[in-house]
Amino acid sequence: MVKNVGPAGLERIELKRLTEHVGRLFSVLQEAAQEQLPVIAGAWVPPVDVCETPNAICIRIELPGVSASQIKIGLNSNKLRIYGEKKKRNPRQRIISHLCSERSYGHFNRVVSLRWTISVKDATAELANGMLLINLPKIKDRRGSEFKVPIVETDSK
């Protein structure tokens, strides 16, 4: 038995769909806003690019002046966490005053939510010229615990 839905019924159905869609958008925006806030006082947030290919998720993070030993990467099935500390170098000369200081130092923490099914064990990371490149291959099943991703530092000139 098929029931005819009048104009008022169609409006209710569309309104319900729109409400669900706005709710999902609000959740994504709220999650993104929480990820942008530094967790530690004095922390800075490095910029991140997240790209998708048919076989992997590629993440690029700007970390100028940071070595691989200062970076840690934690990865589980739904979250990638990049954290560490960019240490300020001791000046060789005595500085009277700073005229301009725009670079950030201290602890950093960045969390990227993963909405894709990825292979945690096959993840790779490479640091070159202040750019951290993380490759997360996609898979069909994502279950398990957090793995530490090793970082390879390369000198490219």
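By convention here, the first residue in the shown sequence is residue 1.
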- Message: Nearest 0.5 Å, please: how far is CD1 in I59 from CD1 in I134?
- Response: 5.5 Å
- Message: Holding to side-chain contact (heavy atoms from CB on, under 4.5 Å), I want the full list of residues that pass it with A56, two or more places apart in sequence or in another chain.
- Response: T53, N135
- What residues form a side-chain contact (heavy atoms from CB on, under 4.5 Å) with T154, not counting sequence neighbours? E126, A128, V152
- Task: To the nearest 0.5 Å, tell me how far I151 CD1 sits from I73 CD1.
- Result: 4.0 Å
- Task: Could I get the full list of side chain to side chain donor-acceptor pair (under 3.5 Å) partners for D49, not counting sequence neighbours?
- Result: none
- Query: Listed by chain and number, what are the side-chain contact (heavy atoms from CB on, under 4.5 Å) partners of P150, not counting sequence neighbours?
  - Reply: none
- CD1/I139 to NZ/K121 distance, rounded to the nearest 0.5 angstrom? 9.5 Å
- Message: Less than 4.5 Å apart, side chain to side chain, heavy atoms only: is that true for L136 and W116?
- Response: no
- Sequence neighbours excluded, which residues qualify as side chain to side chain donor-acceptor pair (under 3.5 Å) partners of S69? S67
- Which of V112, V111, L75 passes side chain to side chain contact (heavy atoms under 4.5 Å, CB included) with R81? It is V111
- Item | For L114 against N76, the heavy-atom pair lying closest together | CD1-O, 4.0 Å
- Query: Can you tell me how far CG of L80 sits from CD1 of I118, rounded to the nearest 0.5 angstrom?
  - Reply: 7.5 Å
- Message: Please give me the minimum heavy-atom distance between V149 and T124, naming the atom from each residue.
- Response: CG1-C, 4.1 Å
- How many angstroms lie between atom CD of E153 and atom CG of L132, to the nearest 0.5 angstrom? 10.5 Å
- Message: Filter on salt bridge (Lys or Arg N to Asp or Glu O under 4.0 Å), then keep only pairs touching residues 50-70, sequence neighbours left out; what's left?
- Response: E52-K138
- Query: Hydrophobic clusters join Ile, Leu, Val, Met, Phe, Trp and Tyr when side-chain heavy atoms are under 4.5 Å apart, directly or via other members; which others share one with L133?
  - Reply: M131
- Which residues share a side-chain contact (heavy atoms from CB on, under 4.5 Å) with K72, sequence neighbours left out: Y83
- For E20, all residues meeting side chain to side chain donor-acceptor pair (under 3.5 Å), sequence neighbours excluded: none
- Are the side chains of E85 and H107 in touch, meaning some heavy atoms are under 4.5 Å apart? yes
